[in-house]
Amino acid sequence: MELCVALDLPTMEENLDLIEKIQQYPVWLKVGLRSYIRDGKPFIDEIKKINPEFKIFLDLKLYDIPNTMADAAESIMGLGVDMFNVHASAGRKAMTEVMKRLEPYDNRPLVLAVTALTSFDNEEFTHVYGETIANKADQFAKDAHEAGLDGVVCSAYESASIKSLTSDTFITLTPGIRPFGEDAGDQERVATIDVAHEANVDFIVVGRPIYKAPNPADVVEKILVALVQ
Ligand code: C5P
């Protein structure tokens with residue numbers, strides 16, 4: 001299991017400061033909407049300057065018509081990131097189109113599909129999608145697998161079911177992790193590292209419990225120790 005640190009701080013300087021504090025650890029870094037809209041590719045370049053070994057997950061959750069999504073995916077190729085994501089609810093055609101467009105590249109990033117945002121509770125999710133999270137997340141995962149994606153973003157509670165429906169090697173990446181039971185914030189379906197372990201999760205994403213801690217490096221170290229136990 002790998003740790004992916006969410007870079008969700010208010011300024012690029014604060015994000016870079018956080019990265020400098022944790023640069024000695026083998027973690028992935030998640031560049032989300034806020035950071036990418038504000039700081040763009042120069043932010044990615046600055047991260048690589050601190051340590052070119054950092055793996056970067058561009059969490060932009062693409063959702064659009066198939067051709068626009070494929071165009072965006074091809075543009076992402078120029079950024080030098082190692083993973084990005086799309087919404088599974090954009091549909092099988094859009095996901096297939098994205099993968100087809102990336103086929104000629106032998107160094108393409110991993111592509112994941114978002115199933116259900118971890119901030120949804122069942123009631124709100126059913127209001128939007130007309131089905132329970134569990135049913136719909138399974139269906140979205142199957143769609144993504146059939147479209148040739150590498151995995152999904154889901155909650156730790158859906159990971160085991162998704163792997164059994166698709167494949168053990170189909171990646172699950174789970175946000176909403178509160179490694180040692182910290183405050184959930186706006187996340188509805190939070191899980192600890194133990195839950196993630198049991199569900200065979202491949203990547204955990206942790207934001208606030210790291211960047212709001214007085215000593216982020218200590219928290220990262222504690223998490224990495226727990227991940228190999
Ligand atoms: O601070 P926290 O650990 O809750 O951060 C979780 C991160 O994962 C945030 O950047 C959030 O946007 C992202 N995320 C999520 N749920 C998803 C996909 C991404 O919380 N389904």
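For ligands, and for the atoms within them, numbers begin at 1 and follow the listed sequence.
Ranked by closest heavy atom to atom 11 (C) of ligand 1, the top entry among Lys212, Arg208, Lys30, Glu188 is Lys30. When Thr174, Leu33, Asp8, Val114 are ranked by how near their heavy atoms come to atom 9 (C) of ligand 1, first place goes to Asp8. Closest to atom 17 (C) of ligand 1 by heavy atom, among Gly207, Pro175, Pro179, is Pro175.
With values rounded to the nearest 0.5 angstrom, Leu149 atom CG is found 11.5 Å from Thr166 atom OG1.
For atom 20 (O) of ligand 1, the closest heavy atom belonging to the protein is Gln187 NE2, 2.8 Å. In this structure, the protein non-hydrogen atom closest to atom 18 (C) of ligand 1 is Lys61 CE, 3.3 Å. Among all protein heavy atoms, the one lying closest to atom 16 (N) of ligand 1 is Thr118 OG1, 2.8 Å.
Within ligand 1, counting atoms from 1 as listed, the ones closer than 4.0 Å to a heavy atom of Asp59 are 13 (C), 19 (C).
Between the side chains of Asn15 and Arg34, not a single donor N or O lies within less than 3.5 Å of an accepting N or O.
The backbone and the side chain of Leu117 each have at least one atom closer than 4.0 Å to an atom of ligand 1 (non-hydrogen atoms only). At a heavy-atom cutoff of 4.0 Å, ligand 1 is contacted by the backbone of Val206 but not by its side chain.
Judged by the 6.0 Å and 45° rule, Lys142 forms no cation-pi pair with Phe140. Lys222 forms a cation-pi arrangement with Phe180, by the criterion of a distance under 6.0 Å to the ring centre and an angle within 45° of the ring axis.
Annotation: Arg178 places an N or O atom under 3.5 Å from an N or O atom of ligand 1; distance criterion only.
Partner of Trp28 under the ring pair (Phe, Tyr, Trp, His ring centres under 6.0 Å) criterion, out of Phe54, Phe203, Phe57: Phe203 alone.
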Test side chain to side chain contact (heavy atoms under 4.5 Å, CB included) on Cys4 and Val27; report intermediate values, then the result. CA-CA 6 Å; Cys4 188; Val27 294; over 6 Å; no
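Residues satisfying the ring-ring contact (aromatic ring centres under 6.0 Å, His included) test with Tyr36, not counting sequence neighbours, are none.
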